[in-house]
Amino acid sequence: MRLLMLVLFISSIKPAAFLHLNASTNTDHDENPDKHQKQVKASLRNERTPDYWTNMARASIDEALRLQTLNTNVAKNVVLFLGDGMGVSTVTTARILKGQKAGNPGEETVLAMDSLPYTAMSKTYNIDKQVPDSAACATAFLCGVKTNFGLVGLDGRATSKNCSSAKGHEVESIIDHAERAGKSTGIVTTTRVTHATPAAGYAHSTRYWETDSDLSAEARENNCTDIAYQLVEEAPDIEVILGGGRRAFRTSNMTDPEDGSNGLRNDSTDLIQRWLDRKTGRARYVWNETEFSSVDPESVDYLLGLFEPSHMRYSVDRPNDTAGEPSLADMTRKAIQILQKNEHGFFLLVEGGRIDHAHHASKAVKALEDTVAFDDAVQVAKDMLDTSDSLIVVTADHSHTLTFAGYPDRGHPIFGKWESSQVKDDLPYTPLLYGTGPGYKITGNGTRHNITDIDTAYKEYTQQSAVPMTSDTHGGDDVIIMAGGPMAHLFHGVQEQHYITHVMMYAACLGEYTHDCDMRTPSVNPRHSRSAGMSRSARRGTYVITLITITSSLFVNF
């Protein structure tokens, strides 16, 4: 009956009410503000009637009731999407941006990550810091333990930049456990693949030792190795590695094919060639978009793609890259195509890492555009994977000081300026501001910098900030977790960040939870094994999920 009501509800709504669900992202409303305002008014017309909100709430209640039938299957596949620096304010404003790029008001837009049915909040502090760094956070959500600022793959008994303190305090990541269980694994990032977040999946180090020339004298004396070396020589046999960071793998006498810079290694070891030599399966290395596009997933078992000497380009800057590099969505798609050939499943980490870097520079345009690109990658996974046996988790390592404030009108351009009689200096401001950062500017007469004639939607515009700093700091507020698939309902309430790893491992029966499926009584928790066929109740649940999925697709295509 509820399903029938949902179908009737869909058929009763006028198309204008769901304009925000259209998939197009090619419209730039700033090119025609009058047309945009007309679209805003048309979209708001239905919202002014009580029936609009009642019907929406009824559909949401029906969906919530459906979710009471829990998916307790074993997660064959697990994909963790990590938006680096993607606090709640970033999610909200990126949602508006995505809607406005489609020509709509924006606030009513549904991101791909928004449609994941289960949510929780994650506390992000490190053992030694109220406001965290990416390395310690990544160790929490990939290795299952909280640790100290600056450490990857090490517990809280180690200290940053101290090699001897790391000995015996290494912790294993979910990538280790997945490989041991016979699954394939992958890392996709827009940062250097040796950067803090991906490094926590395979390395045991301080985050600052990405290549051998970074090592301190104490580290060399105590035989510590750099992160790039660990990835090639000591890490689990990760099947797919895509991102930036060629310079950490190439020697100082090697010239980069893209910008002519030299590598950073002093040990005379070409780690890219070394990676190829070590592979027993069909392995391929690519460094530009043309080579990447030519990769046939069916004919490759291992893929290493390093598309920049350092980090990959921001989403808005990709068209300016003469060598070309794939988008995060492109890399996610290729990774899944390769990894899903394994009948035992896979674990994949996908990081939108440059969201964080743009926030540090207080460049909200770049940060939000990269968040939209990150959400596009989430959509790829949702389209390619079946949530009956694939767990998708979206979260952030930490927040930033980005605020979304003032009282702009509905549909106001998210990067636009706003004026208010409440502003004491009578100057316009942008609703997007930072608490700290390089955008602090005071004129000679003690007033804020006047941005009246400045294009605040320009990609290089630096948002104003309250505290003058060379770089915006991280935020210490909780971040959101969004999930769908087997055992996704375990994400609830407010949790410590290390809980994320344990839920993913529990869902996939990895590590200490390997025998959990066999030990659990079916009547208490009916989870089917990897080898067994799907139970009748599971098949029925999948049938209902399929019906809802088909019905929900009508919203998107309406």
Side-chain angles (χ1 to χ4, degrees), residues 134-135 138 150-154 160-164 166-167 170 173 175 186-280 283-288 291-292 302-313 321 323 325 351 353-354 357:
S134 296
L151 298 180
V152 292
L154 296 169
S160 181
K161 299 182 181 179
N162 186 320
C163 171
S164 59
K167 303 297 184 181
E170 299 86 354
S173 75
I175 290 178
I187 292 174
V188 171
T189 180
T190 52
T191 69
R192 298 187 294 266
V193 299
T194 52
H195 207 239
T197 299
Y202 59 83
H204 312 283
S205 175
T206 178
R207 64 174 295 179
Y208 309 106
W209 295 341
E210 294 187 47
T211 190
D212 69 324
S213 59
D214 296 329
L215 294 171
S216 66
E218 184 267 344
R220 289 191 291 271
E221 290 171 3
N222 288 283
N223 298 316
C224 276
T225 55
D226 62 272
I227 292 172
Y229 181 91
Q230 290 185 47
L231 176 57
V232 174
E233 301 286 358
E234 302 173 3
D237 204 18
I238 303 171
E239 279 78 3
V240 176
I241 305 166
L242 300 173
R246 286 192 298 264
R247 67 189 190 186
F249 296 83
R250 297 168 63 85
T251 62
S252 57
N253 61 353
M254 298 178 69
T255 302
D256 190 86
E258 186 171 2
D259 69 0
S261 62
N262 292 331
L264 297 180
R265 299 202 67 79
N266 292 331
D267 61 3
S268 302
T269 302
D270 179 354
L271 285 181
I272 295 174
Q273 188 59 51
R274 179 66 178 157
W275 181 87
L276 288 166
D277 294 340
R278 285 176 58 87
K279 300 306 174 190
T280 57
R284 186 168 175 189
Y285 164 70
V286 297
W287 68 272
N288 59 49
E291 291 182 353
F292 173 83
Y302 295 92
L303 178 61
L304 173 63
L306 301 175
F307 303 105
E308 287 287 341
S310 184
H311 302 300
M312 293 182 67
R313 300 290 186 100
D321 186 358
E325 60 185 44
E351 182 197 21
R354 305 229 61 194
H357 298 163

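Of the N and O atoms on the side chains of Thr225 and Glu233, not one donor lies less than 3.5 Å from an acceptor on the other residue. Side-chain polar atoms of Ser213 and Thr211 form no donor-acceptor pair below 3.5 angstrom.
In this structure Glu210 satisfies the side chain to side chain donor-acceptor pair (under 3.5 Å) test together with Arg192, Thr194, sequence neighbours excluded. For Tyr285, the side chain to side chain donor-acceptor pair (under 3.5 Å) criterion is met by no residue, not counting sequence neighbours. Scored by the side chain to side chain contact (heavy atoms under 4.5 Å, CB included) test, Gln273 finds Asp270, Leu276, Asp277 as partners (sequence neighbours excluded). Under the rule for a ring pair (Phe, Tyr, Trp, His ring centres under 6.0 Å), the partners of Phe307 that lie at least two apart in sequence or sit in another chain are Phe292.
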Contacts under 3.5 angstrom, residues 250-258 side chains, donor-acceptor by atom type, not counting sequence neighbours:
residue: Arg250; atom: NH2; partner: Thr255; partner atom: O; Å: 2.8
residue: Thr251; atom: OG1; partner: Asn253; partner atom: OD1; Å: 2.5
residue: Asp256; atom: OD1; partner: Arg246; partner atom: NE; Å: 2.8
residue: Asp256; atom: OD1; partner: Arg246; partner atom: NH2; Å: 3.3
residue: Asp256; atom: OD2; partner: Arg246; partner atom: NH2; Å: 2.8
residue: Asp256; atom: OD2; partner: Glu258; partner atom: N; Å: 2.8
residue: Asp256; atom: OD2; partner: Asp259; partner atom: N; Å: 3.3
residue: Glu258; atom: OE1; partner: Arg246; partner atom: NH2; Å: 2.9

Candidate pair Thr191 and Met312, rule side-chain contact (heavy atoms from CB on, under 4.5 Å), full reasoning: CA-CA 6 Å; Thr191 69; Met312 293 182 67; over 6 Å; no
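To the nearest 0.5 Å, atom CG of residue Leu306 and atom CH2 of residue Trp275 are 9.0 Å apart. We find the OH-CG distance between Tyr202 and Leu231 to be 4.5 Å, quoted to the nearest 0.5 Å. With rounding to the nearest 0.5 angstrom, the OG1 atom of Thr190 is 6.0 Å from the CD atom of Glu351. Atom CD in Glu325 sits 11.0 Å away from atom CH2 in Trp287 (nearest 0.5 Å). In this structure, NZ on Lys161 lies 10.5 Å from CG on Asp214, to the nearest 0.5 angstrom.
The closest donor-acceptor contact from the side chain of Asp212 to the backbone of Asp267 lies under 3.5 Å. In this structure, the side chain of Ser173 engages the main chain of Gly201 through a donor-acceptor pair within 3.5 Å.
Note on residues 221-230: pairs passing salt bridge (charged side-chain N to carboxylate O under 4.0 Å, His left out), not counting sequence neighbours, are Asp226-Arg265.
One finds a salt bridge joining Asp237 and Lys279 here, because a Lys/Arg side-chain nitrogen approaches an Asp/Glu carboxylate oxygen to under 4.0 Å.
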